[in-house]
Amino acid sequence: MAQTVRAQQTQTPAIDAAAVLAWYDRHARDLPWRVSPTDRARGQAPNPYFVWLSEIMLQQTTIAAVRKYFAAFTALWPTVHDLAAAPLDDVLVQWAGLGYYARARNLHACAVAVVEHHGGVFPKSAAQLRELPGIGDYTSAAIAAICQDEPVAVVDGNVDRVVARYLALEKPVREEKPLVRATVQAVVPQRAGDFAQAMMDIGATICAPRRANCLVCPLEAGCLGRRTGNPLAFPVPPVKAPRPNRYGHAFVIRHPQGKVFVRQRGPKGLLAKMTEVPGSDWTDASEPAAFPIAGDWEPAGAIEHTFTHFHLTLSVWVLNADAPLDEGWWSDETRLSDEALPSLFRKVLSRAGLQA
DNA sequence: AATACGGGGGT
DNA sequence: ACCCCAGTATT
């Protein structure tokens with residue numbers, strides 16, 4: 001008897017792909033890069049360039065944050081040829097503020113590769129897409145499924161969560177990646193693209209991080225997490241590393257003719273190749289400012305900024321001067337939106353009284 | 001297998 | 001505050 005009960009509990013009902021698709025046909029989100037299930041059924045194909053661009057932008061980034069950037073990029077560069085022909089620095093300017101800037105560098109490299117090595121046409125298969133810069137396991141599967149209906153498992157953070165709850169996984173989902181992937185792969189239907197997007201939509205709108213709206217979920221019938229009575233207990237959260245504090249100084253040099261001195265960061269590491277205001281190293285303890293040039297530096301308070309793996313406090317100093325540093329350029333204070341300034345340095349310039 | 005890598009929106 | 005987002009590359 002006990003054995004029978006245990007067998008039932010560990011039985012993992014397959015995900016009902018037909019129910020997922022039926023739900024998607026009624027509740028698919030309307031997104032600028034997406035072809036609706038209705039239009040897809042009529043034979044309309046997604047634009048691989050739009051799908052790819054959106055997928056790169058959406059890596060670890062919310063749809064709300066992506067919308068404006070996607071509109072700007074497709075307006076400036078309507079095709080992969082246009083993007084490949086653009087200077088990388090222009091791409092970085094447009095990407096500024098979206099974060100994870102390696103994505104922008106890989107985006108440009110990928111566009112160049114598609115034009116140079118694939119005649120400007122995105123490869124069809126996930127395996128070929130996987131070879132391109134910035135395209136990993138998830139993104140290659142997503143593009144191939146959405147654009148070609150290749151029957152591959154598309155597993156992002158949403159699907160991780162949906163499946164972790166569906167199977168009531170006891171361990172952090174990172175340790176169960178193969179099981180999650182196999183569970184999805186086993187049920188991928190012919191409409192592989194719609195199914196992939198449906199699973200992500202379910203994760204975004206029904207089976208959300210802090211809310212499980214099981215009453216309207218097409219997976220409710222077989223969901224073990226639901227059966228436990230506390231689906232929000234899944235997925236089990238991973239142990240989180242503490243986020244240390246770092247400190248530094250930022251030096252804003254304002255030219256009398258309405259310009260401010262900026263420079264380009266190095267080619268590797270944090271915010272690589274982006275534009276910055278000169279500053280000190282960032283250290284574990286606060287240190288006195290060592291000004292790059294002599295002058296009447298005025299304190300302008302401090303800004304706080306949180307990165308993925310540390311928290312930064314930057315003291316902001318302002319000097320009115322017409323002497324530049326060694327490397328860098330004067331940027332018009334009214335045209336700072338033309339610079340590749342990450343949010344951190346927009347905060348710094350804002351603190352110094354500039355419209356960044 | 002761990003770590004580096006941004007920023008913002010939701011709770 | 002804390003979580004987490006249509007992850008990838010590097011070590």
Side-chain angles (χ1 to χ4, degrees), chain A residues 28-29 31-34 46 50-70 92 95-107 109-110 129-147 152-162 164 172-175 177-178 181 184 193-205 207-211 232 235-244 246 265 268-274 276 303-312 340-347:
Chain A
R29 288 180 292 176
L31 300 170
W33 46 84
R34 175 179 283 182
F50 286 4
V51 173
W52 163 71
L53 178 60
S54 69
E55 290 298 345
I56 303 299
M57 288 183 167
L58 287 162
Q59 289 168 3
Q60 297 292 275
T61 308
T62 57
I63 286 171
V66 162
R67 283 183 184 277
K68 287 181 182 174
Y69 287 84
F70 181 83
L92 294 180
W95 197 276
L98 196 57
Y100 283 153
Y101 297 99
R103 291 186 296 173
R105 303 192 299 271
N106 286 329
L107 182 84
C110 183
L129 288 161
R130 183 67 179 78
E131 303 295 316
L132 291 165
I135 298 184
D137 289 339
Y138 161 75
T139 304
S140 57
I143 297 172
I146 293 170
C147 295
V152 286
V154 179
V155 181
D156 73 331
N158 287 304
V159 177
D160 273 341
R161 180 177 55 258
V162 171
V173 68
R174 283 189 68 107
E175 302 174 32
K177 266 288 184 188
R181 188 185 302 267
V184 175
D194 284 347
F195 178 70
Q197 294 173 96
M199 290 293 285
M200 294 190 277
D201 279 16
I202 289 169
T205 65
C207 199
R210 286 175 184 71
R211 185 175 49 80
L232 297 184
V236 178
V239 289
K240 53 182 182 289
R243 191 142 45 194
R246 289 189 193 166
R265 291 175 62 83
K268 291 183 178 176
L270 194 66
L271 310 177
K273 294 189 181 181
M274 300 298 286
E276 70 171 357
I303 62 97
E304 310 247 345
H305 194 77
T306 302
F307 293 100
T308 306
H309 49 297
F310 66 95
H311 182 82
L312 180 65
L341 284 165
S343 295
L344 168 66
F345 295 109
R346 291 190 188 279
K347 279 188 193 174

Taking only residues two or more places apart in sequence, or in another chain, which ones meet A/K177 in a side-chain hydrogen bond (donor to acceptor under 3.5 Å, both in side chains)?
-> A/D160
Looking only at side-chain N and O atoms, does A/K240 come under 4.0 Å of OP1 or OP2 in C/dC2?
-> no
Could you pull out the closest heavy-atom pair between A/Y69 and A/W95, with the gap in Å?
-> CE2-O, 3.7 Å
Measure the distance from CG on A/D201 to C1' on C/dA6 and round it to the nearest whole Å.
-> 10 Å
Checking all strands, does A/I143 fall into the base, sugar-phosphate, or nothing category for heavy-atom contacts under 4.0 angstrom?
-> nothing
Evaluate whether atom CZ of A/R174 has more than 12 neighbouring non-hydrogen atoms of other residues, nucleotides or ligands under 6.0 angstrom away.
-> no
Find the distance A/W52:CH2 to C/dG7:C1' and express it as a whole number of Å.
-> 16 Å
Stepwise side chain to side chain contact (heavy atoms under 4.5 Å, CB included) check, A/L129 with A/W52 | CA-CA 10 Å; A/L129 288 161; A/W52 163 71; over 6 Å; no
A/E55 CD to C/dC5 P, straight-line distance once rounded to whole Å | 15 Å
Within 45 degrees of the axis of the six-membered ring of A/F310 and under 6.0 Å from its centre: does A/R246 put its NZ or CZ there?
-> yes
How is A/G269 classified with respect to the nucleic acid when contacts are heavy atoms under 4.0 Å: base, sugar-phosphate, or nothing?
-> sugar-phosphate
A/D156 CG - C/dA6 C1' separation (whole Å) | 4 Å
Would you mind checking if A/R34 and A/D194 are paired as a salt bridge, meaning a charged N to carboxylate O distance below 4.0 Å?
-> no
Once you round to the nearest 0.5 Å, how far does CD1 of A/I143 lie from CD1 of A/I146?
-> 8.0 Å
Sorted by chain and residue number, the side-chain hydrogen bond (donor to acceptor under 3.5 Å, both in side chains) partners of A/D137 (sequence neighbours excluded) come out as A/R130
Write down the distance between CZ (A/R103) and P (C/dG7), rounded to a whole number of angstrom.
-> 10 Å
Find the distance A/H311:NE2 to C/dC2:C1' and express it as a whole number of Å.
-> 13 Å
Minimum-distance nucleotide to A/P209 side chain [options: B/dA4, C/dC4, C/dA6] | C/dC4
Show the numbers, then the answer: is there a side chain to side chain donor-acceptor pair (under 3.5 Å) between A/Q59 and A/Y138?
-> CA-CA 9 Å; A/Q59 289 168 3; A/Y138 161 75; over 6 Å; no
Could you walk me through whether A/L98 and A/R103 pass the side chain to side chain contact (heavy atoms under 4.5 Å, CB included) check?
-> CA-CA 10 Å; A/L98 196 57; A/R103 291 186 296 173; 3.7 Å; yes
Integer angstrom distance from the P of C/dA6 to that of B/dT3 = 25 Å
Would you please enumerate the stems DNA chain B participates in, each stem being three or more consecutive Watson-Crick or G-U wobble pairs with both distances under 3.5 Å?
-> B:1-5 with C:7-11, B:7-11 with C:1-5
Rounded to the Å, how far apart are A/E276 CD and B/dG6 P?
-> 13 Å
Steps toward ring-ring contact (aromatic ring centres under 6.0 Å, His included) verdict (A/H305, A/F307) | CA-CA 7 Å; A/H305 194 77; A/F307 293 100; 4.8 Å; yes
Sorted by chain and residue number, the ring-ring contact (aromatic ring centres under 6.0 Å, His included) partners of A/F70 (sequence neighbours excluded) come out as A/W33, A/F50
For nucleotides 8-11 of chain C, tabulate all protein N/O to nucleotide N/O atom pairs closer than 3.5 Å, reporting atom names and distance.
unit_1: C/dT8; atom_1: OP1; unit_2: A/G136; atom_2: N; d: 2.7
unit_1: C/dT8; atom_1: OP1; unit_2: A/G136; atom_2: O; d: 3.4
unit_1: C/dT8; atom_1: OP1; unit_2: A/T139; atom_2: N; d: 3.0
unit_1: C/dT8; atom_1: OP1; unit_2: A/T139; atom_2: OG1; d: 2.8
unit_1: C/dT8; atom_1: OP2; unit_2: A/D137; atom_2: N; d: 3.3
unit_1: C/dT8; atom_1: OP2; unit_2: A/Y138; atom_2: N; d: 3.1
unit_1: C/dA9; atom_1: OP1; unit_2: A/G134; atom_2: N; d: 2.6

So what does A/W33 touch, heavy atoms closer than 4.0 Å: a base, only the sugar-phosphate, or nothing?
-> base
Using a cut-off of under 3.5 Å, enumerate the N/O to N/O pairs linking the protein to nucleotides 7-11 of chain B.
unit_1: B/dG7; atom_1: OP1; unit_2: A/Y101; atom_2: OH; d: 2.7
unit_1: B/dG7; atom_1: OP1; unit_2: A/S343; atom_2: N; d: 2.9
unit_1: B/dG7; atom_1: OP2; unit_2: A/H305; atom_2: NE2; d: 2.7
unit_1: B/dG7; atom_1: O3'; unit_2: A/G97; atom_2: O; d: 3.4
unit_1: B/dG7; atom_1: O3'; unit_2: A/S343; atom_2: OG; d: 3.1
unit_1: B/dG8; atom_1: OP1; unit_2: A/S343; atom_2: OG; d: 3.2

Does A/H309 have a side-chain nitrogen or oxygen under 4.0 Å from the phosphate oxygens OP1 or OP2 of B/dA4?
-> no
Integer angstrom distance from the C1' of B/dC5 to that of C/dC5 | 14 Å
So what does A/R346 touch, heavy atoms closer than 4.0 Å: a base, only the sugar-phosphate, or nothing?
-> nothing
Pairwise P distance, B/dG8 and C/dT8 [rounded to whole Å] = 22 Å
Round to a whole Å and report the spacing from CD1 of A/I146 to P of C/dA6.
-> 13 Å
What heavy-atom pair brings A/R265 and A/E276 nearest, and what distance separates the two atoms?
-> NH1-OE1, 2.8 Å
